[in-house]
A.B. asks: 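Just passing along the structure, written as structure tokens.
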Amino acid sequence: MNRPSNLDVLLQPRPPSPLQEVRDTRFDRHGVRLLLKRDDLVHPELPGNKWRKLAPNLRAAVAAGHGELVTFGGAYSNHLRATAAAGRLLGLRTVGVVRGEELAGRPLNDSLARCAADGMRLHFVPRCEYRRKAEPGIQAGLLAGAGAQGAYVIPEGGSNALALTGCAELGRELRGSTDIAAVACGTGGTLAGLAAGLGPDGRALGVPVLAGGFLEAEIRSLQRRAFGGPAGDWALAEGFHHGGYARVPDALEGFAAEFEDRHGLPVERIYVAKLLWALVELSAAGRFPRGTALTAVITGRP
Ligand SMILES: Cc1ncc(COP(=O)(O)O)c(C=O)c1O
């Protein structure tokens with residue numbers, strides 16, 4: 001009997017991730033049903049949107065005969081960590097181009113240490129160059145500097161056209177059971193795919209975790225590249241970044257810890273905590289009509 005390859009084991013079709021309804025007075029009192037889409041449980045090593053985005057890219061990389069993946073991220077990037085884990089599981093070399101040349105001589109933080117332990121080669125680059133990494137000339141220089149010229153390139157946050165098709169599957173899993181599906185946004189790729197997959201009866205709501213307000217154009221552009229034009233009904237709820245990326249003020253920390261106790265859900269702080277906080281606030285402000293089935297997509301775990 002043939003043993004399944006690492007690729008089959010890693011990328012086999014997963015059942016839909018669980019959808020759990022929870023009782024929470026902060027929603028109940030406004031007549032809103034809160035559901036948690038436990039995408040954090042979709043894959044043991046590549047939770048949530050990491051699996052949704054990486055799986056189609058890993059299939060494409062292996063099908064094209066690549067032995068190495070290269071991607072980009074900051075020092076705390078969940079995406080770098082997931083790519084490193086995928087490389088280990090599939091026996092592919094991985095290279096991480098990391099924002100911040102100044103980090104090169106310092107001890108690695110926990111996140112980068114896990115990347116390195118999974119075999120990822122880390123290449124630290126100056127922030128000014130990193131910002132321009134999508135420009136072809138600059139990218140070629142960065143890849144050459146990292147010794148990764150022939151590698152399969154996955155963009156920062158993993159959000160390319162293939163990734164959006166993976167995230168659309170998440171939307172399809174929610175058809176018929178949700179009116180609004182809400183998700184935290186970094187690059188906006190997960191929201192862009194989710195909205196496309198939800199179909200005509202559902203709406204997607206994105207909560208940006210970065211300050212800036214540049215996401216709408218980026219999401220439109222991602223959808224153009226993946227689906228040829230606008231897809232699905234989506235909107236952004238701005239104002240819930242809590243000071244910016246990776247900032248977790250005490251009040252947010254307390255909120256997340258309390259949510260964990262109340263519902264037994266491990267709450268990832270950088271994205272998921274901000275999403276849940278935003279939903280509580282928006283519900284209190286009467287932004288969801290009574291009777292709404294509101295799904296919070298749990299895109300990762302701590
Ligand atoms: C747990 C988690 N949720 C949400 C996101 C946001 O995803 P996107 O970049 O597709 O907007 C990320 C991004 O890395 C993440 O790690």
Side-chain angles (χ1 to χ4, degrees), residues 17 36-43 45-57 71-86 96 98-99 111 114-115 134 154-171 181-197 204-223 225-226 232 234-238 240-242 244-246 248 252 256 265-279 295-302:
S17 58
L36 304 178
K37 175 69 169 163
R38 296 294 307 274
D39 234 32
D40 54 318
L41 302 177
V42 79
H43 190 283
E45 297 230 36
L46 309 178
N49 64 351
K50 302 294 159 285
W51 191 80
R52 302 277 180 189
K53 290 180 181 185
L54 279 173
N57 277 290
T71 193
F72 306 83
Y76 293 93
S77 165
N78 291 331
H79 165 69
L80 280 185
R81 251 171 48 196
T83 306
V98 186
R99 179 179 56 228
S111 189
R114 271 165 68 178
C115 293
I154 303 176
E156 180 180 43
S159 290
N160 57 11
L162 276 178
L164 263 65
T165 63
C167 295
E169 186 57 34
L170 162 65
V183 68
C185 297
T187 62
T190 309
L191 174 71
L194 168 70
L205 179 67
V207 175
V209 306
L210 289 93
F214 50 81
L215 257 193
E216 274 197 26
E218 182 54 25
I219 292 167
R220 274 197 295 274
S221 152
L222 283 167
Q223 288 197 331
R225 276 177 273 153
W234 59 269
L236 296 177
E238 300 278 2
F240 298 104
H241 57 69
H242 296 258
Y245 183 70
V248 185
L252 182 65
L265 172 80
V267 176
E268 189 270 351
R269 299 302 198 256
I270 295 175
Y271 291 92
V272 176
K274 291 181 183 180
L275 167 71
L276 295 169
W277 172 296
L279 296 184
T295 297
V297 181
I298 309 304
T299 41
R301 52 172 182 259

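Numbering of ligands and ligand atoms starts at 1, following listing order.
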A.B. asks: Looking at Lys37, Arg38, His43, which one forms a side-chain hydrogen bond (donor to acceptor under 3.5 Å, both in side chains) with Asp40?
C.D. replies: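 Of the listed residues Lys37, Arg38, His43, the side-chain hydrogen bond (donor to acceptor under 3.5 Å, both in side chains) partner of Asp40 is Arg38.
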
A.B. asks: Identify the closest protein heavy atom to atom 6 (C) of ligand 1: which residue and atom is it, and at what distance?
C.D. replies: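 Here the closest protein heavy atom is Gly186 N, 3.4 Å.
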
A.B. asks: Which residue and non-hydrogen atom of the protein lie closest to atom 14 (O) of ligand 1, and at what distance in Å?
C.D. replies: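 Residue, atom and distance for the closest contact: Lys50 NZ, 3.1 Å.
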
A.B. asks: Using heavy atoms and a 4.0 Å limit, tell me yes or no: is Gly48 in contact with ligand 1?
C.D. replies: no

A.B. asks: Output yes when a side-chain donor or acceptor of Thr295 lies under 3.5 Å from a complementary backbone atom of Leu36, and no otherwise.
C.D. replies: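 Between the backbone of Leu36 and the side chain of Thr295 there is no qualifying donor-acceptor contact (under 3.5 Å).
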
A.B. asks: Distance to 0.1 Å, residue and atom name: give those for the protein heavy atom nearest to atom 9 (O) of ligand 1.
C.D. replies: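 Ranking protein heavy atoms by distance from atom 9 (O) of ligand 1, first comes Thr187 OG1, 2.6 Å.
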
A.B. asks: Side chains of Ser77 and Arg81: is there a donor and an acceptor less than 3.5 Å apart?
C.D. replies: no

A.B. asks: Please state which protein non-hydrogen atom is closest to atom 3 (N) of ligand 1 and give its distance, to 0.1 Å?
C.D. replies: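 That would be Thr299 OG1, 2.6 Å.
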
A.B. asks: Indicate the atoms forming the closest heavy-atom contact of Val209 with Lys274, along with that distance.
C.D. replies: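 Closest heavy-atom pair between Val209 and Lys274: O-NZ, 3.8 Å.
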
A.B. asks: Decide whether the shortest distance between a heavy atom of Arg301 and an atom of ligand 1 is less than 4.0 Å.
C.D. replies: no

A.B. asks: Applying a heavy-atom cut-off of 4.0 Å, say which part of Cys167 lies close to ligand 1: side chain, backbone, both or neither.
C.D. replies: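 Under 4.0 Å from ligand 1, Cys167 contributes no heavy atoms.
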
A.B. asks: What is the minimum heavy-atom distance between Tyr245 and Tyr271, and which atoms define it?
C.D. replies: CE1-OH, 3.3 Å

A.B. asks: Quick one: look at Asn49 and ligand 1, take heavy-atom pairs under 4.0 Å, and tell me if it's side chain, backbone, both or neither.
C.D. replies: side chain

A.B. asks: Judged by atom type as modelled, is there a donor-acceptor pair below 3.5 Å linking the side chain of Thr83 to the main-chain atoms of His79?
C.D. replies: yes

